[in-house]
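If you're wondering where the values come from, they're calculated on a predicted model, not measured in any experiment. As the structure lists them, so they are numbered: ligands from 1, and atoms in each ligand from 1.
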Amino acid sequence: MKDWIATDLDSTLFARAWHADNAIAATWSPEEDGTRSPSSWMKADTHRLLSALGSAFAVVPVTARDVDSFGRVDVPGVHLQGPAVVANGAIILGWDGLPDHAWEEHMTAQLAPWESRLNDFYTWLSGKSDGLARPRLIPGPCGLPAYLVAKAAAGWWRTPEARALLAEMDWLGCRVEVLGLELQVLPPGVGKRDATLEVQRRWFGGQPPLLCLGDMPLDLEFMRLGGLLATPAGSTLDLTWPV
Ligand SMILES: [Mg+2]
């Protein structure tokens, strides 16, 4: 059994803004002519480190990306296709890169009661935010929504107007988190930690990851499963640490 590493993807391993001459393309957008073009980049140093780690350890992505956008991740020389925690833990992909059926059953039962409520949140937020927030339901298992995300302009979610809006709604026990430009509304049971624990139990004999990487305070919930925690210099998580 391999030792393993668990890592968030966006703004931890790669980002749109990290384009540089020696950067490595990490995610791709399909073009109309059937080719693809890079949409975000990994720093060359990170790529050297990750390639070396990936030859010794399993590297398990732990991401909010849904299955489609996770499918656009392709880093040369690094196996990231599975096992993987995607859609904030609503879906787990096995070694074959396909959704794990046992977890699918578990999460379908968990999410079915939330389908109409998430749709209500979506409709309410679309109407109330006057176009300033753009809500979207992230697909989870068996056609059910996994969670709601709503993007807004930089800083908007911290304005008194947005705070008042969020306080107006009864979120019925969902976790409501602002992560940079994004609001995330996660029904109970959806989260990176539980799904990472399931990966640990199923494929790594209960052994925790040697190292966990993430860039947001919310990532700490799964990062703390690991023996070592790491974050990119200058990340949101780094900036929350005491000087
Ligand atoms: Mg991230």
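- Annotation: Glu177, atom CD; neighbour count of heavy atoms from other residues, nucleotides and ligands within 6.0 Å is above 12.
- For the Mg ion (ligand 1), protein N/O/S neighbours under 2.8 Å (waters excluded) are Asp8 OD2, Asp10 O, Asp215 OD1.
- Between the CD atom in Glu161 and the CG atom in Leu132 there is a gap of 6.0 Å [rounded to 0.5 Å].
- Between the side chains of Gln184 and Asn88, a donor-acceptor pair is found at a separation under 3.5 Å.
- Annotation: Phe14 is not in aromatic contact with Trp41 [ring centroid separation under 6.0 Å not met].
- No donor-acceptor contact under 3.5 angstrom links the side chains of Ser235 and Asp238, judged on distance only.
- In this model, a donor atom of one side chain and an acceptor atom of the other lie less than 3.5 Å apart for Thr27 and Ser39.
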